[in-house]
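Since the structure comes first, as structure tokens, the remarks are kept for the end.
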Amino acid sequence: MTLPAFVQECRVRWSLDLEKPFENLSYNLVVPGTMSDGKAIVLKIGVVCDELIAEIAALTLFGGVGAVRLLDHDTRRGILLMERVLPGTPLFKLIDGPGATRTAALVMRSLWRIPPVAHSFPSLSARFRAFARLRSKYDGGSGPFPSELITRAEQTFTELNASSENTVILHGDLHHENILSSEDGEWIAIDPKGIAGDPGYEVGPFMMNQLPGNLSESARIEILHQRISVFVDELGISRERLVRWAFCHAVLSALWDFEEGADWRDTIRSATAIEQLE
């Protein structure tokens, strides 16, 4: 079936009036529109994979509290029908500095759920397999990455994961662009990855986001210090633990950049800056 035919099938199935797709799409087709009763919606069509399945499961678990509401879905065919967040302005366009970080912390706390007894959410261990892939690619070495830094990140993750006392279902990619404003004054998360793991890991993506590449090292460290201090106050998790989780995620992000053929060096600079926050 062609994509236009697939979209037309969705139009008929849910009586949708669809607009033009959102811009800057990557892996999925995401289209705003309305239902026959005038309800604003977003239709998302993607390739069926573990990540898309986890997103559907996470939105189902969140139940519209802290995250966009899932109205219907077809997991087998990779379709999500969601309530549209209006006006839907991303956090970074409305608030910056400590206020943005406090808002993110509020959204985090509203999302975290105890994992269901039987669930298929991926674990943080699965996410951190990127380190094993790097080692395999370079016969146990670290390739272009500083050997000591990769080793520290691996060891830190192992220690943090083993010492975790609280596993929750995390958003997994909560940053400034994935938190939107709603008409009732609430902040709503979109695009969850649905990861089962330690709450401290959640701050990593936010710490790494909205850091211009032309920042001086002192300015980068100041922004990171400000963010981690707010998270410590708002989440009640120790500074040491949050810094170490943020460091692990920063190095992991650099490995992802490398795997995708993107420039990873600025991400490594942020990782080394985060290390200095302890």
Side-chain angles (χ1 to χ4, degrees), residues 50-51 54 101 104-105 108 112 115 121-175 193-209 211 217 220-232 235-278:
D50 291 344
E51 186 172 298
T101 309
M108 289 175 188
W112 294 338
F121 289 105
S123 67
L124 283 175
S125 294
R127 176 168 278 203
F128 275 83
R129 286 175 190 152
F131 287 90
R133 293 195 297 270
L134 180 74
R135 296 294 193 186
S136 177
K137 182 179 178 68
Y138 292 102
D139 297 321
S142 59
F145 295 94
S147 177
E148 299 83 359
L149 183 137
I150 295 297
T151 298
R152 287 199 305 276
E154 289 174 316
Q155 292 175 344
T156 301
F157 168 71
T158 299
E159 292 169 5
L160 288 170
N161 203 43
S163 62
S164 179
E165 297 179 350
N166 183 22
T167 295
V168 298
I169 301 304
L170 306 165
H171 180 285
D173 192 27
L174 195 66
H175 53 69
K193 301 303 181 187
I195 306 289
D198 189 282
Y201 174 79
E202 192 83 284
V203 306
F206 192 92
M207 290 287 291
M208 297 296 298
N209 195 247
L211 291 173
E217 287 307 296
R220 188 188 302 262
I221 291 173
E222 176 57 32
I223 291 173
L224 293 169
H225 169 74
Q226 186 182 77
R227 290 177 181 177
I228 208 73
S229 296
V230 172
F231 280 135
V232 169
L235 299 178
I237 301 172
S238 75
R239 182 183 185 87
E240 179 187 10
R241 196 165 185 88
L242 289 183
V243 168
R244 297 180 82 205
W245 270 123
F247 166 69
C248 288
H249 176 77
V251 179
L252 176 63
S253 295
L255 266 59
W256 288 339
D257 289 340
F258 175 69
E259 289 180 335
E260 295 173 2
D263 188 355
W264 48 267
R265 285 164 290 198
D266 190 62
T267 309
I268 286 295
R269 283 193 286 272
S270 291
T272 56
I274 288 171
E275 272 198 299
Q276 299 179 49
L277 300 178
E278 280 194 74

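- Residues Ala130 and Leu255 come closest through the heavy atom pair O-CD2, 3.6 Å.
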**OP:** Evaluate side-chain contact (heavy atoms from CB on, under 4.5 Å) for Ile237 paired with Val203, printing each intermediate quantity in order.
**Re:** CA-CA 11 Å; Ile237 301 172; Val203 306; over 6 Å; no

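- The number of heavy atoms from other shown groups lying within 6.0 Å of CZ (Arg265) does not exceed 12.
- If you take CZ on Arg244 and CD on Glu159, they are separated by 4.5 Å, rounding to the nearest 0.5 Å.
- The CG atom of Leu149 sits 10.0 Å away from atom CD of Glu154, with the distance rounded to the nearest 0.5 Å.
- Contact detail for Leu134 and Ser142: the closest heavy-atom pair is CD2-O, 3.8 Å.
- Applying the side-chain hydrogen bond (donor to acceptor under 3.5 Å, both in side chains) rule to Arg220 yields the partners Asp266, Ser270; only residues at least two apart in sequence or on another chain are considered.
- Of all the heavy atoms in Leu170 and Asp198, the pair that sits closest is CD1-O, 3.6 Å.
- Between Cys248 and Phe128, the shortest heavy-atom contact is O-CE2, 3.7 Å.
- Across all non-hydrogen atoms, the minimal contact from Ala250 to Met208 is CB-SD, 3.4 Å.
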Original post:
Where do Leu277 and Met207 land on the side-chain contact (heavy atoms from CB on, under 4.5 Å) test, with the steps shown first?
Top reply: CA-CA 12 Å; Leu277 300 178; Met207 290 287 291; 4.0 Å; yes

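- No side-chain heavy atom of Thr158 sits under 4.5 Å from any side-chain heavy atom of Phe131.
- Using cut-offs of 30° and 60° on the angle between ring planes, the pair Phe206 and Phe231 is perpendicular.
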Original post:
Are Arg133 and Lys137 close enough, and set up right, to give a side-chain contact (heavy atoms from CB on, under 4.5 Å), and what steps lead you there?
Top reply: CA-CA 6 Å; Arg133 293 195 297 270; Lys137 182 179 178 68; over 6 Å; no

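- Scanning for side-chain hydrogen bond (donor to acceptor under 3.5 Å, both in side chains) contacts around His249 gives Tyr201, Ser253, with sequence neighbours left out.
- Side chains of Leu211 and Leu224 form a contact here, defined as non-hydrogen atoms less than 4.5 Å apart.
- Note that CG of Asn209 is 8.5 Å distant from CG of Asp173, once rounded to the nearest 0.5 Å.
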Subject >> ring-ring contact (aromatic ring centres under 6.0 Å, His included) between Phe145 and Phe258, intermediate numbers included >> reply: CA-CA 10 Å; Phe145 295 94; Phe258 175 69; 5.5 Å; yes

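- Taking OG1 of Thr101 as the reference point, atom CZ of Arg227 lies at 6.0 Å (rounded to 0.5 Å).
- Under the 3.5 Å distance criterion, the side-chain polar atoms of Arg241 are matched with a main-chain donor or acceptor of Leu160.
- The neighbour count for Glu275 CD, taken as heavy atoms of other residues, nucleotides or ligands under 6.0 Å away, is above 12.
- In this structure, Ser136 contributes its side chain and Ala132 its backbone to no donor-acceptor pair below 3.5 Å.
- With sequence neighbours excluded, the residues satisfying side-chain hydrogen bond (donor to acceptor under 3.5 Å, both in side chains) with Ser125 are Asn161.
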**OP:** Show the numbers, then the answer: is there a side-chain contact (heavy atoms from CB on, under 4.5 Å) between Gln276 and His225?
**Re:** CA-CA 9 Å; Gln276 299 179 49; His225 169 74; over 6 Å; no

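- A heavy-atom distance below 4.5 Å is not found between the side chains of Arg239 and Leu242.
- Closest heavy-atom contact between Ser123 and Ile195: C-CG2, 4.0 Å.
- Summarising the geometry, atom CG belonging to Leu252 is positioned 9.5 Å from atom CG belonging to Asp257; distances are rounded to the nearest 0.5 Å.
- Counting only distance, with no hydrogens or angles, the side chain of Glu202 and the backbone of His171 share a donor-acceptor pair below 3.5 Å.
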